[in-house]
Amino acid sequence: MEFQTLRMAIEGKVATITLDRPDVRNAFNETTIAELTLAFDGLGRSDMVRAIVLAANGPAFCAGADLNWMKKMAAYSHAENQADAMQLAEMLRTIYLCPKPVLAKVQGDCYAGGMGLVAACDIVITAEESNFCLSEVKLGLIPATISPYVIRAMGENAARRYFLTAERFSAREAQRIGFAHEVVAADALDTRVAEIVKSLITNSPSAVQQAKVLVRDVAGQPLTQALLADTAERIAHIRASEQGREGVQSFLEKRKPNWLN
């Protein structure tokens, strides 16, 4: 795939998508949105890929929406603004529902819509120098399109504060509220991401995919008989699957499972 605003590389079953507009702090526009949607949709379908890293080039991870794009939107009609927002919503949904595990490697500041990108990922590792900000209300806007993912990631209580105040907060605060999983020194970021990616790609591809769906489906559900039956059915199904049988058998035989060959 050829992109104008991204770089993509695949190495050893790991795809890395890099935001590549450092001159505008990787702010995104309609082209970036279309390219990210295309990239994640394609990689989600690819048998060559078992994990995806979302990274960025330059000192900032993502400053949110591009100012020139926002100027254009100010002249849009209501219908045009709604259609434009739906493109962003579809991009975030594509990342969130991607069958492959997605890890965000946040090397710099992450603001507004950039936080939506990160929140749609499964795992978030950030450098300790990074800062975060949901800055929309400063501009008379609200973080509406990104809210389903950001609220899931940081929780309703933290979202209530940061949606309203537009305060900038640190990587350590992002970790404390659950938005980031780990905070590491900038010079350790690549190593830590590589370690986690190695864990992802050595696990059963089918089980990883189904585990991702499991979290999405079970989170927040009441503990009903229907939920118990559903989870029992899921484990029964995967135990009888090809990779389920192979995983248990290889463990008992003290050998590598065939998905590592």
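Quick note: numbers below take in every heavy atom, side chains included, and nothing from hydrogens, waters or symmetry partners.
Of the N and O atoms on the side chains of Gln4 and Thr31, not one donor lies less than 3.5 Å from an acceptor on the other residue.
Hydrophobic clustering (side-chain heavy atoms under 4.5 Å, transitive across Ile, Leu, Val, Met, Phe, Trp, Tyr) groups Ile146 together with Val124. In terms of hydrophobic clustering, with Ile, Leu, Val, Met, Phe, Trp and Tyr side chains grouped at heavy-atom distances under 4.5 Å, Met48 and Val197 are assigned to different clusters. Linking Ile, Leu, Val, Met, Phe, Trp and Tyr whenever their side-chain heavy atoms come within less than 4.5 Å leaves Phe169 and Tyr111 in two separate clusters. Under the 4.5 Å side-chain heavy-atom criterion for Ile, Leu, Val, Met, Phe, Trp and Tyr, Ile201 and Trp259 are members of distinct hydrophobic clusters. Residues Phe28 and Leu67 fall within the same hydrophobic cluster, defined by Ile, Leu, Val, Met, Phe, Trp and Tyr side chains chained together at heavy-atom separations under 4.5 Å.
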*Begin from the C-alpha positions of Thr126 and Phe61 and carry the test side-chain contact (heavy atoms from CB on, under 4.5 Å) through to its verdict.*
CA-CA 10 Å; Thr126 179; Phe61 179 82; over 6 Å; no
*CA sep, side-chain torsions, deciding dist, call: Ile177, Arg161, side-chain contact (heavy atoms from CB on, under 4.5 Å)*: CA-CA 11 Å; Ile177 62 179; Arg161 172 178 176 174; over 6 Å; no
*asked:* Let's go through Ile10 and Leu43 carefully: what are the C-alpha distance in whole Å and the side-chain angles of both, what is the deciding distance for side-chain contact (heavy atoms from CB on, under 4.5 Å) to 0.1 Å, and is it a yes or a no?
replied: CA-CA 10 Å; Ile10 300 175; Leu43 292 173; 4.0 Å; yes
*So Arg50 and Val208, side-chain contact (heavy atoms from CB on, under 4.5 Å) or not? Walk me through it.*
CA-CA 9 Å; Arg50 292 189 184 172; Val208 167; over 6 Å; no
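Other residues, nucleotides and ligands place more than 12 heavy atoms under 6.0 Å from the CD atom of Glu253. Annotation: Arg216, atom CZ; neighbour count of heavy atoms from other residues, nucleotides and ligands within 6.0 Å is above 12. For Leu139, the CG atom counts as densely surrounded, since its 6.0 Å shell holds more than 12 non-hydrogen atoms of other residues, nucleotides or ligands. Within 6.0 Å of CG on Asp47 lie no more than 12 heavy atoms contributed by other residues, nucleotides or ligands. Counting non-hydrogen atoms of other residues, nucleotides and ligands closer than 6.0 Å to CZ of Arg93 gives a total of 12 or fewer. Heavy atoms of other residues, nucleotides or ligands lying less than 6.0 angstrom from CD1 of Ile142 number 12 at most. Under a cut-off of 6.0 angstrom, the local environment of CD in Glu167 is crowded, with over 12 non-hydrogen atoms contributed by other residues, nucleotides or ligands.
Smallest separation of non-hydrogen atoms from Ile17 and Leu6: CG2-CD1, 4.1 Å. Here the shortest heavy-atom pairing between Ala159 and Ile151 reads CB-CG1, 3.8 Å. Contact record, Met115 with Val150: O-CG2, 4.0 Å, taken as the closest heavy-atom pair. Among all heavy-atom pairs drawn from Val183 and Ala171, the shortest one is CG2-O, 3.4 Å. Annotation for Lys100 and Val49: closest pair NZ-O, 2.8 Å, computed over non-hydrogen atoms. Contact between Leu117 and Leu19 at its shortest, heavy atoms only, is CD1-CD1, 4.1 Å.
A salt bridge does not link Glu195 with Lys198: none of the charged nitrogens is closer than 4.0 Å to a carboxylate oxygen. A salt bridge links Arg255 with Glu246; the closest basic N to acidic carboxylate O contact falls under 4.0 Å.
With values rounded to the nearest 0.5 angstrom, Leu141 atom CG is found 12.5 Å from Leu134 atom CG. Atoms CG and SG, on Leu92 and Cys121 in that order, are 9.5 Å from each other to the nearest 0.5 Å. Here Ile235 contributes atom CD1 and Asp230 contributes atom CG; the two are 12.0 Å apart, rounded to the nearest 0.5 Å. The CG atom of Leu200 sits 8.0 Å away from atom OG1 of Thr202, with the distance rounded to the nearest 0.5 Å. Note that OG1 of Thr94 is 10.0 Å distant from CG of Leu38, once rounded to the nearest 0.5 Å. Taken to the nearest 0.5 Å, the CG atom of Leu260 stands 8.5 Å off from the OG atom of Ser250.
Counting heavy atoms from C-beta on, the side chains of Ile52 and Cys98 come closer than 4.5 Å. Residues Asn29 and Arg21 meet the side-chain proximity criterion, which asks for heavy atoms closer than 4.5 Å. The side-chain heavy atoms of Lys212 and Val102, taken from C-beta on, include a pair separated by under 4.5 Å. Counting heavy atoms from C-beta on, the side chains of Tyr96 and Pro148 never come closer than 4.5 Å. The closest side-chain heavy-atom distance from Thr32 to Trp69 is not below 4.5 Å. Side-chain contact check for Glu35 versus Asp20: every heavy-atom pair is 4.5 Å or farther apart. In this structure, the side chains of Val24 and Asn68 stay at 4.5 Å or more apart for every pair of heavy atoms. With contacts defined as side-chain heavy-atom distances shorter than 4.5 Å, the pair Ile125/Lys105 does not qualify.
Using a distance-only test at 3.5 Å, with no hydrogens or angles considered, a donor-acceptor pair links the side chain of Gln107 to the main chain of Gly58. No donor-acceptor pair under 3.5 Å is formed between the side chain of Asp109 and the backbone N or O of Ala63. Under a 3.5 Å cut-off, the side chain of Arg25 and the backbone N or O of Cys62 do not form any donor-acceptor pair.
Ring geometry for Phe179 against Phe132 counts as perpendicular: the plane angle is over 60°, on a 0 to 90° scale with 30° as the lower cut.
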